[in-house]
Amino acid sequence: MTIKPLIILPDPVLRQASKPIERVDGELKRLADDMLETMYDAPGIGLAAIQIGVPRRMLVIDVAREGEDKQPQVFINPEILKSSEERSVYEEGCLSIPDYYAEVERPAVVTLRYLDRDGKEQIVDADGLLATCLQHEIDHLNGVLFIDHISRLKREMVIKKFTKAAKSKAI
Ligand code: GNR
Ligand code: NI
């Protein structure tokens, strides 16, 4: 297992749409394990493959609370079948936009179809933090970031700040 470097805003890779996965094989399982290790190391509660530069439709999540046993979950080719009318608001962050947080409103409950780590189709209802995190990660698969759900003024300020930081770090 390997910790991979994270892709950070404003890298255009984050705006790429990820491609469906055709085969759940050993190579894909190794990628899932690397994603989990990278997520736990960060630390974060979710990670999409594109955040380590791999444009494939897979994400990992662990929303277990501190002190609870680990609950690593792998979602391959996830699709939202249904979203609730009810909304919920969470303060979100993103490993690709370090140290920036903002409230985002999303559907409170989503019904999801996906393949698990063994390539088996699953359909589940998710609510609470899991629902928010799944929607945040599925956005990544479509090149969408949580700052796309906040005001334009705030978004432009964040992008400007990260663009400046990237320029000052470039050699
Ligand atoms: O670690 C993360 N925390 C988080 C908090 C609220 C809503 C979404 C998230 S996902 C984020 C990790 C990440 O950037 N995943 O793409
Ligand atoms: Ni993110």
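Counting starts at 1 for both ligands and their atoms, in listed order.
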Can you give the donor-acceptor pairs under 3.5 Å from side chains of residues 6-17 to other protein atoms, not counting sequence neighbours?
residue	atom	partner	partner atom	Å
Asp11	OD1	Val13	N	3.0
Arg15	NH1	Gly143	O	3.0
Arg15	NH1	Asp148	OD2	2.7
Arg15	NH2	Asp148	OD1	3.0

| message | Less than 4.5 Å apart, side chain to side chain, heavy atoms only: is that true for Pro78 and Leu134? | response | no
| request: Select the closest option to atom 14 (O) of ligand 1 among Ile45, Leu95, Leu14, judged by heavy-atom distance. | output: Leu95
| Just distances here: any N/O of Gln51 and N/O of ligand 1 closer than 3.5 Å? | yes
| task | Report the C-alpha distance between Asp41 and Lys4 in whole Å, list the side-chain angles of each, state the deciding distance to 0.1 Å, and finish with yes or no for salt bridge (Lys or Arg N to Asp or Glu O under 4.0 Å). | result | CA-CA 10 Å; Asp41 176 70; Lys4 304 280 187 175; over 6 Å; no
| task | Looking only at protein heavy atoms, identify the closest one to atom 15 (N) of ligand 1 and say how far it is in Å. | result | Glu137 OE2, 2.6 Å
| request: Give yes if a backbone or side-chain nitrogen or oxygen of Leu129 is under 3.5 Å from a nitrogen or oxygen of ligand 1, and no if not. | output: no
| task | Quick one: look up the protein heavy atom nearest atom 12 (C) of ligand 1 and list residue, atom name and how far away it is. | result | Gly46 O, 3.2 Å
| field | Flag side-chain contact, heavy atom, 4.5 Å: Ile150 against Tyr100 | value | yes
| field | Taking atom 9 (C) of ligand 1 as the reference point, the nearest protein heavy atom with its distance | value | Gly93 O, 3.6 Å
| message | For His136, which part has a heavy atom under 4.0 Å from ligand 1: side chain, backbone, both, or neither? | response | side chain
| Does ligand 1 have an atom under 4.0 Å from some heavy atom of Glu91? | yes
| said: Restricting to non-hydrogen atoms, name the atom on Lys29 and the atom on Val24 that form the minimum distance, rounded to 0.1 Å. | reply: CE-CG1, 4.3 Å
| message | Around the Ni ion (ligand 2), how many protein N, O or S atoms are found at less than 2.8 Å? | response | 3
| query | Any idea which protein heavy atom is nearest atom 7 (C) of ligand 1, and the distance to it? | reply | Glu92 CG, 3.4 Å
| Which heavy-atom pair separates Met35 from Ala49 by the least distance, and what is that distance? | CE-N, 3.4 Å
| said: Quick check on contacts: which atoms of ligand 1 are under 4.0 angstrom from a heavy atom of Gly44? | reply: 1 (O)
| query | Should you measure from each heavy atom of His140, which atoms of ligand 1 turn up under 4.0 Å away? | reply | 16 (O)
| Short question: side chain of Gln51, backbone of Leu47 - any donor-acceptor pair under 3.5 Å? | no
| Counting each atom of ligand 1 from 1 as listed, which ones have a heavy atom of Cys94 under 4.0 Å away? | 14 (O)
| query | Does any non-hydrogen side-chain atom of Pro55 lie less than 4.5 Å from one of Lys19? | reply | no
| field | Close side-chain approach of Glu137 and Ile61, heavy atoms under 4.5 Å | value | yes
| Is a salt bridge present between Arg106 and Asp139, judged by a nitrogen-to-oxygen distance below 4.0 Å? | yes
| query | Are Arg152 and Glu156 close enough, and set up right, to give a salt bridge (Lys or Arg N to Asp or Glu O under 4.0 Å), and what steps lead you there? | reply | CA-CA 6 Å; Arg152 192 169 117 182; Glu156 285 175 354; 3.3 Å; yes
| request: Output yes when a side-chain donor or acceptor of Tyr90 lies under 3.5 Å from a complementary backbone atom of Leu129, and no otherwise. | output: yes
